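Structure first, commentary second.
What's counted below: heavy atoms across the whole structure, side chains too, no hydrogens, waters or symmetry copies. Note that the structure is predicted; figures quoted are calculated from it, not measured.
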Amino acid sequence: MLHDPPVPAFCAAVICRRRFSAVVLWLLFMASVLAAGCERSSADRNDADAAGHNGAAQSSTATSLSFTDVTARTRIEHRYRDGQEAGHWSIVESLGGGVAAFDYDRDGNIDLFLAGGGEYGSDREIRGLPPGAFRNVGEWQFTSVASSAGLVSASYYNHGLAAADYDNDGFTDLLLTGFGGLALYHNQGDGTFIETARTAGLDDASWSSSAGWGDLDGDGCLDLYVVHYVNWSWDNHPVCHGPNPQQRDLCGPRDFEPLPDTLYLSRQDGTFDDASRVAGLQLDGKGLGVLLADVDLDGHLDVYVGNDGTPNFLYRNTGGFPLEEVGLQSGTSLNDRGDPDGSMGLEVFDFNLDGQPDLWVTNYEDESFAVYRNQGDFLFRHVSRTAGIMAVGGLFVGWGTAAADFDRDGDEDLFVTTGHAIRFPTRTPVKQLPLLFENLGNERFSNVAPLAGECLKYPHLGRGLAIADLDDDGDLDLVLTPINEPAQVLENTTQMSHHWLGLRLIGTRSNRDAIGAIVRCESPIGPPLIRQIKGGGSFASTSDLRVFVGLGPTRAISRVEIRWPSGVVQELTELELDKMTTVREPAPKRQQ
């Protein structure tokens, strides 16, 4: 098939009109028709091509992993809406929204909050739709609490949900990103929230996609990194087309200028200062994802930003400002061909059990999802090809993602929700199949989604994803938020005999959520298993912050070391397995 050289970001189909002659466009169109067998509308082709798309994603590897759709059982009814029925063809409609999983009322059950999106009013007014809020009452039953919790309206068209206890009062708060501004819902501790963004100093009016919480200056209070996308407005609203010059489509990021990100530092009183200049943030990203994690294990949270069609940023935190942007030097800003990708979802995990945090990025079609293996000394190597990730081909547009030991065998697997960013792609369906990369060991993965349950055989316009143990059985379940479709709750029904360790960390000198903590589990056999509590990650979503460690063949843990964000190191030698244990940060030992 004739095609343009790989183009980062989801504007590839849009910019074809600028690079090809009409004849070549016709040939490209006809080639896609032949590949599909016959020409259909985009919606019809999406369903009909699902089998072919599924075939490209299949693996011959047998798997024990299994997920079951329990959405109907949960009674959760919620759709993220993008407002496309108004016919404005705004790029704002392309991003979708996320989900946050946290225990908002401290009853011990993980509750769910889902972005609402937005719609258009008269005179092209952009209105926000309220998030969904569902309280977990146990036994896979949820009840809507949006009204009683004070979440019945939304000031802005919203995308991302970043949940954390930013004021260390013991109750998790909720930040919504979106077009027009930020909304900060402060948890009152009585089952209600109050919107406090402006009084907290979060006066950000730029179009924000994702955000992440983390203590970047080590004062025990959470700071906030907000990722911005592109400079779209009604005054900057070009008409874009797909391969068919007569068919209008969503514009891509190449048609717009970037917006700089914002870093808000806590004043330690529940309010924030804009410290973007002091921190030395770059101005030329088109950000969709952000991850706050200790990449070099030096006790300071670093920041990784996934940009759409521009190089990713990796900010190294050495304990003071400005942060050092080392994306290019570290090998994490570009792909293995030296080009920037269209990056959405981010994750950190030790995929090869060598004790070093590796980075994972989901990207646009015709680009490989990226595994960046940590080589030490803040250097990374792109190893997607040797890791088997490229075996799925370039047919997917990846968004929300998470690493977790879904089968408790000791290593972490990867889940990715996928879906196109434009409405009339030529090579792949709009709705796409999810991906489940099982970690096979020996630094190899295999996509086993087609074998892991009927619910993973159907395509969706995927966007947000969070993982959480929703039924407290020690394995991690999934919550997905596609565009203009019902949210999905998938129960992990993998049959497992392995033991597990669960930890809920409560900071005292550190931030209460212990974001930035490193947990190291040692056993009589096998390498140490390392987990860390991170801020941000996935796409526009927040996962369960509790620590879950599958123990594989190990029947006992000899030692657990927790390095708290404050620098306090705690050692635990007697922990009960197969249950969740709450651990409070101890006071530092006095110097003799």
Side-chain angles (χ1 to χ4, degrees), residues 101-103 106-110 163-165 168 170 172 213-215 222 292-294 297 299 301 347-350 353 355 357 402-413 466-477 492 496 498-524 526-535 537 542-552 554-587:
F102 62 96
D103 181 7
R106 290 180 58 177
D107 67 351
N109 297 323
I110 297 296
D165 182 4
N168 292 329
T172 302
W213 296 96
D215 182 6
L222 290 176
L292 285 80
D294 188 354
L297 302 179
L301 278 179
E347 181 61 291
V348 61
F349 70 135
D350 180 13
L353 302 181
D405 187 357
F406 291 116
D407 52 5
R408 297 193 205 139
D409 65 351
D411 52 34
E412 293 182 277
D413 314 296
I467 57 173
D469 185 3
L470 297 174
D471 56 351
D472 289 323
D473 64 350
D475 57 41
L476 287 160
D477 312 297
N492 188 341
M496 291 172 276
H498 301 311
H499 293 289
W500 59 280
L501 175 69
L503 299 175
R504 176 176 179 260
L505 303 188
I506 299 178
T508 55
R509 296 182 68 232
S510 304
N511 67 89
R512 187 176 175 87
D513 285 330
I515 293 173
I518 307 292
V519 177
R520 177 186 175 94
C521 300
E522 299 178 0
S523 67
L529 302 177
I530 297 175
R531 303 288 186 268
Q532 65 173 288
I533 302 178
K534 55 190 175 292
T542 303
S543 292
D544 190 343
L545 291 180
R546 296 177 296 177
V547 176
F548 292 84
V549 183
L551 302 182
T554 300
R555 297 182 178 274
I557 289 290
S558 55
R559 178 177 176 268
V560 172
E561 179 186 279
I562 302 172
R563 195 196 68 197
W564 295 85
S566 65
V568 170
V569 176
Q570 183 177 11
E571 183 176 313
L572 304 172
T573 56
E574 295 183 6
L575 282 173
E576 188 174 349
L577 301 184
D578 303 327
K579 65 171 293 186
M580 182 61 58
T581 300
T582 298
V583 181
R584 297 183 68 88
E585 180 181 13

Check whether any side-chain N or O of D544 sits under 3.5 Å from a backbone N or O of I467 as a donor-acceptor pair, and report yes or no.
-> no
Nearest-0.5 Å distance, CG of residue D411 to CG of residue L353 = 6.0 Å
Quick one: side chain to side chain donor-acceptor pair (under 3.5 Å) partners of N492, sequence neighbours excluded?
-> T494
Just by distance, do the side chain of D165 and the backbone of R512 share a donor-acceptor pair under 3.5 Å?
-> no
Short question: side chain of E347, backbone of A403 - any donor-acceptor pair under 3.5 Å?
-> yes
Test log, rule side-chain contact (heavy atoms from CB on, under 4.5 Å), inputs H499 and T554 | CA-CA 8 Å; H499 293 289; T554 300; over 6 Å; no
When every non-hydrogen atom of S566 is compared with those of S510, the smallest separation belongs to N-OG, 2.9 Å
Mark yes when over 12 heavy atoms from residues, nucleotides or ligands other than R559 sit less than 6.0 Å from its CZ; otherwise mark no.
-> yes
Examine distances only and state if a side-chain atom of D475 and a backbone atom of D477 form a donor-acceptor pair shorter than 3.5 Å.
-> no
With sequence neighbours excluded, what pairs up with D469 under the side chain to side chain donor-acceptor pair (under 3.5 Å) test?
-> none
At what distance, to the nearest 0.5 angstrom, does CG of L529 lie from CD of E412?
-> 9.0 Å
Where is the tightest heavy-atom contact between G474 and F548, given as atom of each residue plus distance?
-> O-CD2, 4.2 Å
Using side chain to side chain contact (heavy atoms under 4.5 Å, CB included) as the criterion, point out the one residue from D405, D350, L503, L501 that pairs with R531.
-> D405
Between the CG atom in L301 and the NZ atom in K534, the distance rounded to the nearest 0.5 Å is 12.0 Å
Do you know which two heavy atoms are closest between W564 and Q570, and how far apart they sit?
-> NE1-OE1, 3.0 Å
Looking at side-chain heavy atoms only, is the closest gap between T542 and F102 below 4.5 Å?
-> no
Partners meeting side chain to side chain donor-acceptor pair (under 3.5 Å) with R563 (sequence neighbours left out) = D294
Salt-bridge criterion met for R546 and D472 (N-O under 4.0 Å) | yes
Between I557 and C521, the two heavy atoms sitting closest are CD1-CB, 4.1 Å
Does the T508 side chain pair with the main chain of E585, one donor and one acceptor, at a distance under 3.5 Å?
-> yes
Taking C-beta and beyond as the side chain, do I515 and D215 meet within less than 4.5 Å on heavy atoms?
-> no
Side-chain touch Q532/I518, heavy atoms, less than 4.5 angstrom | yes
What do the steps show when you test L505 against I533 for side-chain contact (heavy atoms from CB on, under 4.5 Å), and what is the final call?
-> CA-CA 9 Å; L505 303 188; I533 302 178; 3.7 Å; yes
Closest approach of L297 and G355, non-hydrogen atoms and distance?
-> CD1-O, 3.5 Å
Output the distance between atom CG (D513) and atom CZ (R504), rounded to the nearest 0.5 Å.
-> 8.5 Å
Rounded to the nearest 0.5 Å, how far does CG of L572 lie from CD of E561?
-> 10.0 Å
Compare all side-chain heavy atoms of W500 with those of V549 and state whether any distance is below 4.5 angstrom.
-> no
Give a yes or no answer on whether the side chain of D103 reaches the backbone of G108 with a donor-acceptor pair at less than 3.5 Å.
-> yes
Interatomic distance, I530 atom CD1 to E522 atom CD [nearest 0.5 angstrom] = 9.0 Å
Considering non-hydrogen atoms only, spot the tightest contact between A556 and S523 and give its length.
-> O-CB, 3.5 Å
